[in-house]
Amino acid sequence: MIIAAGEGRLLGCDDVGTGLPVCFLHGFPHDRSLWNAQLGALAVPARTVAFDLPGFGESTPLASPSVEGFADAVVAGLDTLGIDRAVITGLSMGGYVALALWRRHPSRVRALVLADTRATADGAEGRARRDALIAAAREHGAAAVAEQMAPGMVGRTTRAQRRDVVAALDAMMRRAPLAGVLGGLAALRDRPDATPSLGGITVPTLVVCGDEDVLTPPSDARALHFGIPGSRLELLAGAGHVTCVERPAAFNHVLSEFLTGLVTA
Ligand code: MLT
């Protein structure tokens, strides 16, 4: 469905089940269908909500895209759905947005799940790569970005054994709207270093990473885990950058275990 989310903005979202609100934020250049295997499929009573971030899927783009602006849009979406606090679950770019949401709206965060993501900002080389991708997208369209992102998206096991998963992710990246791709790249390029805020995270946090992730490798996940007091780290064997799609059962298992700890605490 599509919901209003402040200032004339529209957000695409799926809202499945009842119970503990769990909000899912996709990576770049994905959309909310990244979480199809999680919605309504957790082993705890949960209201699972997946948003298209601004500019992606069915959501309208922001005039000045930033991870902070994306976080504010998600909070406006939660307002529309009448959700006060949620477990904010973000993969990669979604994780950058989840950390921004914690910095800006901590009272809306029941817990954090940071999947295949990192705290650090882009360095000079990384920023130059984003600029090159922006130029490629302007010249050749969103498909050019999908082509450049594809090789690192899944792990070697998925690439060898799951052509269906590779093809589905490829199709998702290729259908990303150009405005979203351009805005997303600018937001990724300009995101701040979240490292200084990690020590102040006071909500339960689960860090998940595929052991074959080459875009945000396990060393990034370990840095998050060491930086966030009391956090838990789960490495998923045989998965690359999109753990929730590559190993959905394992992802749902570690997420459900974490959520069970929250509801029984
Ligand atoms: C993502 O999956 O969201 C991107 O790989 C994040 C990034 O490029 O930093």
Side-chain angles (χ1 to χ4, degrees), residues 24-35 38 50-57 59 65-71 74 88-101 112-137 142 144-155 158-159 165-166 168-177 180-195 207-210 212-221 223-224 236 239-247 251:
F24 292 94
L25 307 175
H26 60 78
F28 175 88
H30 307 144
D31 58 49
R32 70 186 195 266
S33 69
L34 190 82
W35 303 105
Q38 279 69 48
F51 288 113
D52 287 327
L53 290 169
F56 296 91
S59 294
S66 64
V67 292
E68 291 81 8
F70 289 175
V74 168
I88 306 294
T89 301
L91 183 131
S92 200
M93 176 175 74
Y96 308 153
V97 177
L99 288 168
L101 203 152
L112 283 170
V113 181
L114 303 170
D116 304 279
T117 192
R118 60 161 67 93
T120 50
D122 280 5
E125 233 177 75
R127 290 169 60 85
R129 264 201 307 275
R130 306 284 190 201
D131 285 334
L133 277 177
I134 288 172
V145 173
E147 271 159 35
Q148 292 198 38
M149 300 288 299
M153 211 30 82
V154 298
T158 302
R159 190 160 300 285
V165 168
V166 175
L169 277 165
D170 223 52
M172 190 192 303
M173 295 195 289
R174 282 174 181 276
R175 69 174 178 255
V181 168
L182 294 172
L185 285 167
L188 291 169
R189 179 195 61 200
D190 299 336
R191 75 184 191 281
D193 183 3
T195 309
V207 179
V208 182
C209 187
E212 298 177 3
D213 186 345
V214 292
L215 289 183
T216 47
S219 54
D220 286 333
L224 281 169
L236 301 190
H241 188 56
V242 280
T243 40
C244 59
V245 173
E246 292 177 70
R247 299 236 20 232
F251 188 95

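Values below: all heavy atoms of this structure, side chains included; hydrogens, waters and symmetry mates excluded. Every number for a ligand or one of its atoms is a count from 1 in the order of the listing.
Residue F51 comes nearest to H26 through the heavy atom pair O-CD2, 3.3 Å, listed as atom of the first residue, atom of the second, then distance.
Using modelled atom types and a 3.5 Å distance limit, the side chains of R175 and S33 yield a donor-acceptor pair. For the residue pair T243 / D116, a side-chain donor-acceptor distance below 3.5 Å is found, with atom types taken as modelled.
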What are the polar N/O contacts of ligand 1 with the protein below 3.5 Å, with distances?
residue	atom	partner	partner atom	Å
ligand 1	2 (O)	F28	O	3.4
ligand 1	2 (O)	S92	OG	2.9
ligand 1	2 (O)	H241	NE2	2.8
ligand 1	3 (O)	F28	N	2.7
ligand 1	3 (O)	S92	OG	2.9
ligand 1	3 (O)	M93	N	2.8
ligand 1	5 (O)	H241	NE2	3.4
ligand 1	8 (O)	R130	NH1	2.8
ligand 1	8 (O)	R130	NH2	3.4
ligand 1	9 (O)	Y96	OH	2.7
ligand 1	9 (O)	R130	NH2	2.8

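Among residues two or more places apart in sequence or in another chain, the side-chain hydrogen bond (donor to acceptor under 3.5 Å, both in side chains) test is passed with R189 by D131.
Using a 4.0 Å cut-off between a side-chain N of Lys or Arg and a carboxylate O of Asp or Glu, R191 and E68 do not qualify as a salt bridge. With respect to R127 and D190, a salt bridge is recorded, a charged nitrogen being found less than 4.0 Å from a carboxylate O.
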